[in-house]
*Asks:* 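The following block contains the structure, expressed as structure tokens.
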Amino acid sequence: MTLTAPSAATIPEVTHHLTDLDGTRLHHVSAGAAGSPVLLVHGWPETWWAFHRLIPLLAREHRVHAVDLRGFGDSGNGDGDYDEADSVADLHRLVEHLGEGPVHLLVQDISGGIGFQLAARHPDDVLSLVAVESTLAGFGLETLADVNHGGSWHVGMLGAPGIPELLLPGHERALLDWAWSLMAAPGTVTEEDAVEFVRTYSRPHAWRGSAGLYRSLFADAGRTRALAEASPLSMPVLTVDAASHPFTASTFGQVAGADVTSVHLAGVGHLVAQEAPEALASAVLEHTARVDAG
């Protein structure tokens with residue numbers, strides 16, 4: 001069932017939906033009237049709102065959808081331990097529900113593992129994959145938890161069972177301000193953006209989504225690498241690196257076939273869709289036009 005839903009923050013071009021799937025309710029937005037479908041999947045600390053500047057640019061040529069992952073934004077965050085497998089299943093069902101055929105799938109940051117698994121396990125769902133500032137467990141993601149060699153403490157904290165839920169409620173703005181100062185140029189996240197992100201990260205049980213994805217990193221035990229070896233991606237792949245260059249290209253070049261294109265947005269921070277939507281849209285539209293032309 002899909003319901004039209006209001007949101008605390010929105011843009012004129014989008015319609016909001018609440019869709020009941022097996023086991024959860026997903027909040028997602030849609031825009032655009034024609035063209036091949038594009039599905040945008042946020043990272044951390046984000047929701048669909050991370051794409052609100054990008055969506056109108058893509059919707060000129062595509063039917064665009066952006067989703068709040070399970071446990072994030074205005075999607076369901078009820079009881080249960082969330083992990084990458086849950087979100088992969090959610091996205092598979094969402095693509096079926098949309099009924100528009102395979103999608104150009106764009107994943108950013110920690111949602112890279114979800115996008116890779118969806119493309120590898122359900123290749124008929126994915127027309128092409130765009131990976132933005134992302135890597136995978138077993139291919140370098142775990143090194144981001146190594147604080148002695150340039151990693152960040154928040155990776156281990158979010159992945160520690162029970163710790164995010166214990167420590168973060170009531171401190172959402174402080175943590176998000178810290179993350180934004182590290183990940184993006186000053187001014188990238190406006191006060192309007194901050195209010196919207198804090199709103200959803202302050203919901204009851206709002207850290208279940210984040211905790212589940214980060215725990216999946218530490219519980220991977222080689223499964224992602226084994227899947228990549230058994231089912232390398234068959235669809236065209238675009239990698240977009242910015243501050244983490246060449247992490248994304250290096251990672252997804254190892255798990256994809258021959259059709260891999262890489263773009264480096266020099267001088268752009270980690271939150272690419274928020275900081276450089278025009279540059280990202282240009283790269284994505286060039287890629288999707290080539291794929292759609294066959």
Side-chain angles (χ1 to χ4, degrees), residues 11 31 36 38-62 64-66 103-116 119 126-136 139-141 143-144 150-152 155 176 178-190 193-194 197 233 235-256 259-292:
I11 55 177
S36 55
V38 175
L39 177 59
L40 308 175
V41 185
H42 63 83
W44 187 91
E46 298 179 328
T47 65
W48 82 271
W49 186 251
F51 300 113
H52 75 279
R53 300 183 185 98
L54 180 66
I55 290 170
L57 303 176
L58 299 182
R60 297 169 185 170
E61 300 183 26
H62 292 279
V64 182
H65 306 274
V103 300
H104 295 289
L105 179 66
L106 184 149
V107 291
Q108 183 163 280
D109 185 64
I110 198 168
S111 65
I114 298 167
F116 165 71
V126 181
L127 185 59
S128 76
L129 178 66
V130 180
V132 181
E133 280 285 290
S134 187
T135 183
L136 303 172
F139 293 86
L141 180 55
T143 66
L144 301 182
S152 175
V155 178
L176 296 179
W178 168 83
W180 296 327
S181 71
L182 182 72
M183 296 180 179
T188 295
V189 179
T190 67
D193 298 333
F197 287 126
L233 301 183
M235 66 288 296
V237 173
L238 170 67
T239 69
V240 180
D241 276 298
S244 301
H245 174 73
F247 220 12
T248 313
S250 175
T251 295
F252 285 85
Q254 297 179 67
V255 302
D259 192 349
V260 181
T261 303
S262 297
V263 172
H264 175 208
L265 302 181
V268 177
H270 182 60
L271 304 181
V272 177
Q274 298 181 67
E275 184 173 338
E278 293 85 2
L280 179 57
S282 177
V284 170
L285 290 173
E286 181 177 349
H287 166 76
T288 56
R290 179 180 67 83
V291 175
D292 289 344

*Asks:* Under a 4.5 Å cut-off applied to non-hydrogen side-chain atoms, are Val130 and Val38 in contact?
*Replies:* no

*Asks:* Met235 and Ala119: which non-hydrogen atoms are nearest, and at how many Å?
*Replies:* CE-O, 3.6 Å

*Asks:* With a 4.5 Å limit on heavy-atom distance, are the side chains of Leu271 and Glu46 in contact?
*Replies:* yes

*Asks:* Quick one: pull up CG in Leu54 and CG in Leu280 and give me the separation to the nearest 0.5 Å.
*Replies:* 5.0 Å

*Asks:* Could you go step by step and tell me if Ser244 and Asp241 meet the side-chain hydrogen bond (donor to acceptor under 3.5 Å, both in side chains) rule?
*Replies:* CA-CA 6 Å; Ser244 301; Asp241 276 298; 5.8 Å; no

*Asks:* Nearest 0.5 Å, please: how far is CG in Leu105 from OG in Ser111?
*Replies:* 8.0 Å

*Asks:* Using a 4.5 Å cut-off on heavy atoms from C-beta on, say whether the side chain of Ile114 contacts that of Val107.
*Replies:* no

*Asks:* Are the side chains of Arg53 and Gln274 in contact, using a 4.5 Å heavy-atom criterion?
*Replies:* yes

*Asks:* Is there a side-chain contact between Phe51 and Val64 in this structure, where contact means two heavy atoms from C-beta onward sitting under 4.5 Å apart?
*Replies:* no

*Asks:* For the residue pair Pro45 and Trp180, establish whether any side-chain heavy-atom pair is separated by less than 4.5 Å.
*Replies:* yes

*Asks:* What pair of heavy atoms forms the shortest contact from Val272 to Ala242, and how long is it?
*Replies:* CG2-CB, 3.7 Å

*Asks:* Taking all non-hydrogen atoms of both residues, which atom of Glu275 and which atom of Ala185 are closest, and how far apart?
*Replies:* OE1-N, 3.3 Å

*Asks:* Determine the minimum heavy-atom distance between Gly112 and Ser134, stating which atoms define it.
*Replies:* CA-OG, 3.1 Å

*Asks:* Would you sort out whether Trp49 and Ile11 count as a side-chain contact (heavy atoms from CB on, under 4.5 Å), showing the intermediate values?
*Replies:* CA-CA 10 Å; Trp49 186 251; Ile11 55 177; 4.2 Å; yes

*Asks:* For a side-chain contact (heavy atoms from CB on, under 4.5 Å) with Val284, tell me which candidate from Leu58, Val263, Val132, Leu40 qualifies.
*Replies:* Leu58

*Asks:* Taking all atoms of both residues into account, what is the closest heavy-atom pair of Ser36 and Leu127, and its distance?
*Replies:* CB-CD2, 4.5 Å

*Asks:* Quick check on side-chain contact (heavy atoms from CB on, under 4.5 Å): which of Thr248, Thr239, Val240 does Ser262 satisfy it with?
*Replies:* Thr239

*Asks:* Return yes if some donor-acceptor pair links the side-chain N/O of Ser250 with the main-chain N/O of Pro246 below 3.5 Å, else return no.
*Replies:* no

*Asks:* What pair of heavy atoms forms the shortest contact from Phe197 to Ala50, and how long is it?
*Replies:* CZ-N, 3.9 Å

*Asks:* State, yes or no, whether a side-chain contact exists between Phe252 and Phe139 at a heavy-atom distance under 4.5 Å.
*Replies:* no

*Asks:* What's the separation between atom CG in Leu176 and atom CG in Asp193, rounded to the nearest 0.5 Å?
*Replies:* 11.5 Å

*Asks:* Do the non-hydrogen side-chain atoms of Thr188 and Met183 ever get within less than 4.5 Å of each other?
*Replies:* no

*Asks:* Distance-only, no hydrogens or angles: does the Thr288 side chain make a donor-acceptor pair with backbone N or O of Leu285 under 3.5 Å?
*Replies:* yes

*Asks:* Pair Arg290, Asp259 - check side-chain contact (heavy atoms from CB on, under 4.5 Å), show working.
*Replies:* CA-CA 11 Å; Arg290 179 180 67 83; Asp259 192 349; 3.1 Å; yes

*Asks:* Let me confirm one number: the CG-NE2 distance from Leu39 to His65, rounded to the nearest 0.5 Å.
*Replies:* 7.5 Å

*Asks:* To the nearest 0.5 Å, how far apart are CG in Leu141 and CD1 in Ile110?
*Replies:* 5.5 Å

*Asks:* Just verifying a value: how many Å separate His287 NE2 and Asp292 CG, rounded to the nearest 0.5 Å?
*Replies:* 9.0 Å

